[in-house]
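What follows is one structure encoded as structure tokens, with my remarks underneath.
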Amino acid sequence: GDGAGLCASGNEEQNLVRRLAAPGGADAAIFADDVEGTTALWTVDGSGAGANFAVSTAAAHSPTHAWFVVDPPEISDRRLATAAAIALPVSPPATLEFWHRYNFEAHYDGAVLESSLDGTLWTDIGAARIVAGGYTGTISSSFQNPLAGRQAWGGDLAVFTRVEVDLTDFAGESRWLRWRFASDTSASAGGDCSGV
């Protein structure tokens, strides 16, 4: 070497640029809520028997609060939606993860996940997109459940369990997400806790 550099008296580049960056990639959250603070990221509405989704401390995954809805013995249709659309990246593809537990009248009461491009017209997220913790059955077409004939989470899941949804099909779109619970005219169960 004929220079003054540190490596065997070699030449050394004097242009030094330092950059700071936040973590990115697959683990970077574009929307996160552990239900421990304000509920401003959410809207609740519904009709029929029972009450709308509400934050509860009776059971939780993250760490002390969760959304809760009662499973009444009458017709109800309750909804918990993001207050605004979530801009989904093109790359890397987005996934949705949440934890829930539930105790519904099997095959008659249940919950689904829906999405919307405009916050008005909602469609089911699609069972094929749920890659972990998928729907457990189909809601009976008897007894007037608003979700009759649809695949849904139902029955009894006693411990909080992780659900993962592949949102690759929605890359580059802005989407609202909505958890929807509905019950029929007959028996009931304990309700649903969901930590998002």
Side-chain angles (χ1 to χ4, degrees), residues 31 33 35 42-53 59 61 66-82 85-86 88 93-171 173-196:
F31 176 91
D33 185 20
V35 197
W42 304 96
T43 63
V44 296
D45 70 339
S47 61
N52 285 330
F53 279 89
H61 179 264
W67 287 101
F68 177 80
V69 66
V70 173
D71 180 3
E74 301 171 64
I75 296 173
S76 70
D77 190 352
R78 301 295 170 185
R79 298 167 293 271
L80 169 69
T82 55
I86 301 167
L88 301 172
T95 59
L96 169 68
E97 178 182 289
F98 63 95
W99 294 75
H100 68 176
R101 72 175 200 158
Y102 48 83
N103 183 10
F104 301 138
E105 181 191 14
H107 308 293
Y108 296 97
D109 301 343
V112 297
L113 176 62
E114 299 175 322
S115 73
S116 174
L117 283 168
D118 62 6
T120 303
L121 178 62
W122 296 89
T123 58
D124 195 274
I125 201 71
R129 289 188 183 96
I130 305 172
V131 296
Y135 291 150
T136 57
T138 301
I139 300 292
S140 171
S141 295
S142 304
F143 306 107
Q144 304 171 353
N145 185 309
L147 298 175
R150 290 179 59 179
Q151 288 185 297
W153 289 289
D156 186 15
L157 182 63
V159 297
F160 279 92
T161 302
R162 179 180 165 274
V163 177
E164 181 181 343
V165 183
D166 181 355
L167 301 177
T168 301
D169 294 346
F170 304 143
E173 297 178 352
S174 291
R175 290 250 172 189
W176 278 261
L177 296 173
R178 178 170 82 175
W179 285 258
R180 183 178 175 193
F181 165 78
S183 60
D184 67 4
T185 59
S186 62
S188 67
D192 167 50
C193 282
S194 297
V196 179

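Numbers here simply count residues along the sequence, with the first being 1. Atoms considered below: every heavy atom in the structure, side chains included; atoms not considered: hydrogens, waters and symmetry mates.
Put simply, the residue from Asp169, Asp166, Thr95, Asp124 that forms a side chain to side chain donor-acceptor pair (under 3.5 Å) with Arg129 is Asp169.
Not counting sequence neighbours, the partners of Tyr135 by the ring pair (Phe, Tyr, Trp, His ring centres under 6.0 Å) test are Trp153.
With Thr82 contributing its side chain and Trp176 its backbone, the two residues share no donor-acceptor pair below 3.5 Å. One N or O on the side chain of Asn145 and one on the backbone of Tyr108 form a donor-acceptor pair closer than 3.5 Å. Judged by distance alone, with hydrogens and angles left aside, the side-chain atoms of Asp71 form a donor-acceptor pair with the main-chain N or O of Glu105 at under 3.5 Å. Counting only distance, with no hydrogens or angles, the side chain of Asp109 and the backbone of Gly154 share no donor-acceptor pair below 3.5 Å. Side-chain N or O atoms of Arg78 include one that pairs as donor or acceptor with a backbone N or O of Gly50 at under 3.5 Å.
Taking each heavy atom of Gly119 and Ser116 in turn, the nearest pair found is N-OG, 2.7 Å. What you find for Ser76 and Ala49 is that their closest heavy atoms are CB-O, 3.1 Å. The minimum heavy-atom distance between Ser115 and Leu177, with the atom names listed, is CB-CD2, 4.0 Å. Across every non-hydrogen atom of Pro93 and Thr168, the tightest pair is CB-OG1, 3.3 Å.
The side-chain heavy atoms of Leu113 and Ile130, taken from C-beta on, include no pair separated by under 4.5 Å. Put simply, the side chain of Leu117 reaches to within 4.5 Å of the side chain of Arg175, judged on heavy atoms.
Within the model, atoms CD of Glu114 and CZ of Arg150 stand 4.5 Å from one another, a figure rounded to the nearest 0.5 Å. Note that CD1 of Ile139 and NE2 of His107 are 9.0 Å apart. Values are rounded to the nearest 0.5 Å. Note: Ser183 OG to Ile75 CD1 = 7.5 Å, rounded to the nearest 0.5 Å. One finds the CG atom of Asp45 at 4.0 Å from the CZ atom of Arg79 (value rounded to the nearest 0.5 Å). Summarising the geometry, atom OG1 belonging to Thr161 is positioned 7.5 Å from atom CH2 belonging to Trp99; distances are rounded to the nearest 0.5 Å. Separation of atoms NE2 (His61) and CZ (Arg162) is listed at 10.0 Å; rounding is to 0.5 Å.
For Trp179 and Phe98, the ring centers are positioned less than 6.0 Å apart. Taking the six-membered ring for Trp and the full ring otherwise, the centers of Phe104 and Phe181 sit less than 6.0 Å from each other. Under the 6.0 Å cut-off for aromatic ring centres, Trp42 and Phe31 qualify, their centroids lying closer than that.
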Would Val163 and Leu96 count as a side chain to side chain contact (heavy atoms under 4.5 Å, CB included) here? Give the steps.
CA-CA 8 Å; Val163 177; Leu96 169 68; over 6 Å; no
